Amino acid sequence: MHAVYIARRFLVFLLIVWLAATLNFFLPKLSGQDPVRTKLLEEASLGGYVHAGIDTMVKEYQKRFGLDKPLWRQYLTYLDDMAHGDLNYSIANYPRTVVGMIGEALPWTVGLLGVTTIFSFAVGTILGALLAWPRAPRWMRWLMPPLWALHAIPFFLLGLVLSWLFAFRFQWLPIFGGYSAGANPAWNWGFVLDVLRHAILPALSIVLVSVGGWALAMRGMMVTTMGEDYVTFAEAKGLRSATIFSRYCLRNAILPQTTGLALALGQILSGAVLVEAIFGYPGIGALLFQAIEENDFFLIQGIVFTVIVALGFATFVLDVVYPWLDPRIAYNRS
Amino acid sequence: MAGYLRRNPALVFGLALLGFLGLFMVVGALTVDTGNAQPLSAPALQPPSWDYPFGTDRQGRDLLAVMVAGTPLTLRIGFIAGFLGVGVGSLFAFTAAYYRGRIDTVIRSIADIGLTIPQLLVLIIIAVSLKGSLTVNQMAIIIASLAWLSPTRTIRAQVLSLRERGYVEVARLNGMSGPEIIFRELMPNLLPFLAATLVGSVSAAILASVGLEVLGLGPVEAPTLGMTLYWVNFNAAIINGWWWWWTAPLVVIVTVFLGLFFVTVGLDEIANPRLRRSA
Amino acid sequence: MSESVLRIERLSVGYDHPQGRVRAVDEVSLSLRPGERFGLAGESGSGKSTMALSMLRMIKPPGHITGGAVWLDGVNLFDLGDIDMRRVRLAKIALVPQGSMNSLNPVTRIREQFRDVLADHGERLSRRAFEGHVRELLAQVGLPPEVADKYPHELSGGMKQRACIAIAIALRPKVIIADEPTSALDVVVQRQVMETLGRAQALLGAALLLIGHDMGLMAQFVDRLGIMYAGRLVEVAPIGDIINEPRHPYTRLLIDTLPSLERRTELRGIPGLAPRMSDLPPGCPFHPRCPAAQPLCRAEKPPLRPIAEDARVACHLA
């Protein structure tokens with residue numbers, strides 16, 4: 001029973017990968033021309049020291065995706081490349097490969113997003129659960145309005161305010177980048193602290209906004225759960241308040257909350273991309289921003305593809321974990 | 001009615017914010033020359049003064065004019081995309097939830113898979129190929145193309161739960177046809193929920209448009225709020241201390257989002273009385 | 001006559017409504033003897049479930065207990081502090097919930113739902129002793145020991161309800177309150193569950209308060225029956241008396257609704273609707289629907305007074 005469930009989820013994941021590649025291929029062509037080709041030719045005609053490389057790229061591109069090739073043929077070639085992990089070279093940064101550039105930027109994003117998401121989710125969920133519980137300390141109610149208000153605005157807007165406040169006005173924290181210019185990346189305390197200092201503002205922009213959202217959602221789930229029959233019976237059984245809170249309410253409300261996490265991943269990532277763009281934090285977001293500025297199509301496509309695949313995988317993992325949390329799911333056909 | 005409004009402060013607050021914004025736009029349109037929203041209309045980089053209440057930017061735009069001209073543009077994108085999104089989404093949702101069977105599976109699968117893909121990225125791919133020549137209306141259409149996914153899912157879930165209620169069965173036995181039941185029985189009961197979804201959809205659309213613009217993928221000529229922030233970032237306005245340049249669009253955007261958010265909360269309360277706190 | 005184990009004295013419960021406070025339970029008094037089966041019957045909205053919750057002191061805002069006392073073994077439950085009251089629940093007075101499908105925690109196994117009960121009531125058992133205890137309780141309700149490993153959704157409705165009974169008797173309470181334990185169950189399962197309940201009660205020598213609206217069920221099961229209407233107790237008598245010689249007009253109509261195997265007559269209902277609790281008629285709350293109503297009934301509320309040994313009625317005409 002489990003194996004079938006996992007297999008189905010994996011198929012969905014593969015479907016998403018395929019969909020990502022297909023969108024990447026067809027959407028740019030919607031405008032009527034082939035913007036990739038246009039850009040390549042543009043770069044080639046500019047001359048300069050990348051000229052030789054671009055020429056090769058143009059020739060290669062013509063060979064595979066040239067206008068004389070039927071569309072379906074181009075598509076299959078493209079899929080074949082993807083399947084081999086070949087995301088091509090970066091047009092603006094030749095001879096660096098797209099995979100190489102993404103590989104450099106990805107750890108920064110994973111670090112920032114991973115830590116902030118887990119932290120906001122955990123803190124927000126617990127806070128939300130407590131806010132729904134009548135026995136919780138009263139002062140917590142005061143936290144709600146500011147968190148509520150904050151959660152309605154996009155991450156990067158808070159980022160703007162924070163960067164002005166702490167980097168410009170008070171000059172406590174750096175305003176830009178992942179580490180100080182001129183610093184040598186190395187595994188020593190000095191560097192690590194430098195990185196952390198640069199990560200605080202981006203992280204804070206994400207966390208302060210997200211926590212409110214998770215808290216609000218969890219509070220709603222808890223209210224619904226607290227109205228269930230099994231909670232009434234739990235109280236009639238003379239269980240302690242803490243037991244009812246944790247094992248009957250929280251444990252059940254966390255299920256839809258986790259589903260919410262899976263659904264929100266895409267949005268969180270979109271928001272983080274913008275935060276990185278604003279702060280120049282050297283993750284996928286800043287890379288994407290740069291690629292857009294330079295019209296570096298291969299890089300843009302590569303990033304979008306990678307991100308979609310990564311998210312699809314994360315969703316897949318969450319889907320597989322879910323039955324472990326909710327014993328009803330493994331038994332139902334989903 | 002007034003008694004209810006007093007008990008639903010969120011709705012009142014949200015409407016007040018949006019109302020204030022509307023007032024700003026109307027009064028602004030009547031008193032400010034929006035021509036000054038174009039570059040070279042004023043001396044560059046002036047801090048707020050009597051002549052230029054919001055200051056000017058590096059290209060010489062009068063920021064007050066920019067706000068007055070740009071806010072309706074941003075809102076327009078949001079409303080067009082939001083309405084289209086909920087309109088199309090409702091259609092799909094009601095069809096899927098009412099008729100069930102194969103058509104439900106198809107619609108639901110498309111929506112579920114579509115929602116796993118982060119919308120901003122797909123929008124980026126589309127917008128990049130049109131870069132530089134994008135108009136405000138084109139942006140709205142592009143955003144609308146993905147905006148229906150989320151409403152489809154949420155509305156479908158609600159319709160499903162309603163469908164099982166007794167009065168739907170009674171209507172069916174009375175001989176009402178499918179579309180009749182959808183429009184005369186299901187929809188009226190869902191109005192507060194649909195309204196909340198609509199506001200949420202508009203908010204998401206505005207967020208998407210501002211996001212695209214900040215990345216430089218918006219209508220470059222237009223003085224929209226997001227484009228203003230793009231120029232703020234481009235010119236490193238924060239480090240250079242030109243605080244007025246980003247404060248104006250920031251305040252407007254925050255007002256928009258907060259207003260829409262509180263309205264959604266207020267509408268949610270009407271739609272789902274269980275969340276009301278008991279006396 | 002042995003002493004009563006549970007004595008409810010003029011219990012009143014009110015609900016706060018935007019239009020004012022509503023009396024859901026109006027000065028109800030009754031008592032239970034050990035080992036006795038007492039039924040409490042009435043239409044939906046008559047206040048029976050509110051009674052059950054108030055006995056366990058589980059009424060939440062906007063509801064409030066507005067008066068009265070509940071004496072359990074000589075202690076007024078309303079005088080107890082929160083922690084003491086918590087300890088009383090299940091240990092002295094246990095609730096068997098409605099026969100709805102949702103009274104067990106869906107994400108934990110049955111065994112765990114015994115474990116937290118024992119832990120929170122201060123019982124420390126070794127693993128062996130605990131397993132044995134659970135097995136014994138399940139056996140008492142006729143469930144095989146494998147049930148302990150299962151999740152609630154893996155059990156049928158009847159099995160779930162019997163598991164709830166097993167939990168309810170786990171600490172050997174003196175009083176068991178069963179609030180519509182067989183609603184939503186089919187007739188065959190109903191019988192199983194009621195038999196289980198009866199056996200469990202007999203084993204413990206506990207008093208049972210059975211709340212419901214199924215007069216047929218009451219007739220088969222209880223020793224004494226109380227009839228509630230609009231939040232008030234309108235008749236209390238031994239079951240034989242109620243069935244054969246109902247004194248209150250409402251009781252009479254209720255008995256008449258029972259289909260008979262011997263006579264074939266038209267199905268009868270009770271004309272009219274139960275009154276809205278926020279809008280009670282003056283005098284006797286039943287008088288608008290009463291076939292025997294007199295002007296006095298409109299003017300004065302009839303008190304619940306003894307009419308025979310062990311029987312009370314609230315009617316001017318009895």
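Just so you know, these numbers use all the heavy atoms, side chains as well, and skip hydrogens, waters and symmetry mates. It should be emphasised that the depicted structure is a prediction, and the values quoted were computed from it without experimental measurement. Every chain is numbered from 1, with letters handed out A, B, ... down the list of sequences.
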*What residue, out of C:Leu90, C:Val107, C:Leu95, has the most heavy-atom pairs lying under 4.5 Å from chain A?*
C:Val107

*If you tally heavy-atom pairs under 4.5 Å against chain A, which of C:Val117, C:Ile93, C:Asn105 wins?*
C:Asn105

*Side chain, backbone, both or neither: which part of C:Ile167 has a heavy atom under 4.5 Å from chain A?*
side chain

_Looking only at heavy atoms and a cut-off of under 4.5 Å, which of C:Asp116, C:Asp82, C:Leu171 has the most pairs with chain A?_
C:Asp116

_For A:Tyr230 together with A:Phe233, are the ring centres under 6.0 Å from each other?_
no

*Mind ranking C:Arg87, C:Gln113, C:Met85 by heavy-atom pairs under 4.5 Å with chain A and telling me who comes out on top?*
C:Gln113

Please list, one pair per line, the donor and acceptor atoms closer than 3.5 Å that link side chains of residues 200-215 of chain A to other protein atoms, with sequence neighbours excluded.
from, atom 1, to, atom 2, distance (Å)
A:Ser205, OG, A:Leu201, O, 2.8
A:Ser210, OG, A:Ile206, O, 2.8

*Compute whether any side-chain donor of one residue and acceptor of the other, for C:Arg199 and C:Gln140, lie under 3.5 angstrom apart.*
no

*All pairs passing ring pair (Phe, Tyr, Trp, His ring centres under 6.0 Å) where residues 241-276 of chain A contributes a residue, at least two apart*: A:Trp133-A:Phe245

*asked:* Whether the A:Thr109 and A:Glu276 side chains hold a donor-acceptor pair (N or O, under 3.5 Å, no angle test) is what I'd like checked.
replied: yes

*Heavy-atom distances under 4.5 Å only: say whether C:Arg86 touches chain A with side chain, backbone, both or neither.*
both

*Can you name the one residue among A:Phe10, A:Tyr5, A:Tyr322 that meets ring-ring contact (aromatic ring centres under 6.0 Å, His included) with A:Phe316?*
A:Phe10

_Given heavy-atom pairs under 4.5 angstrom as the criterion, report whether the side chain, backbone, both or neither of A:Leu255 touches chain C._
side chain

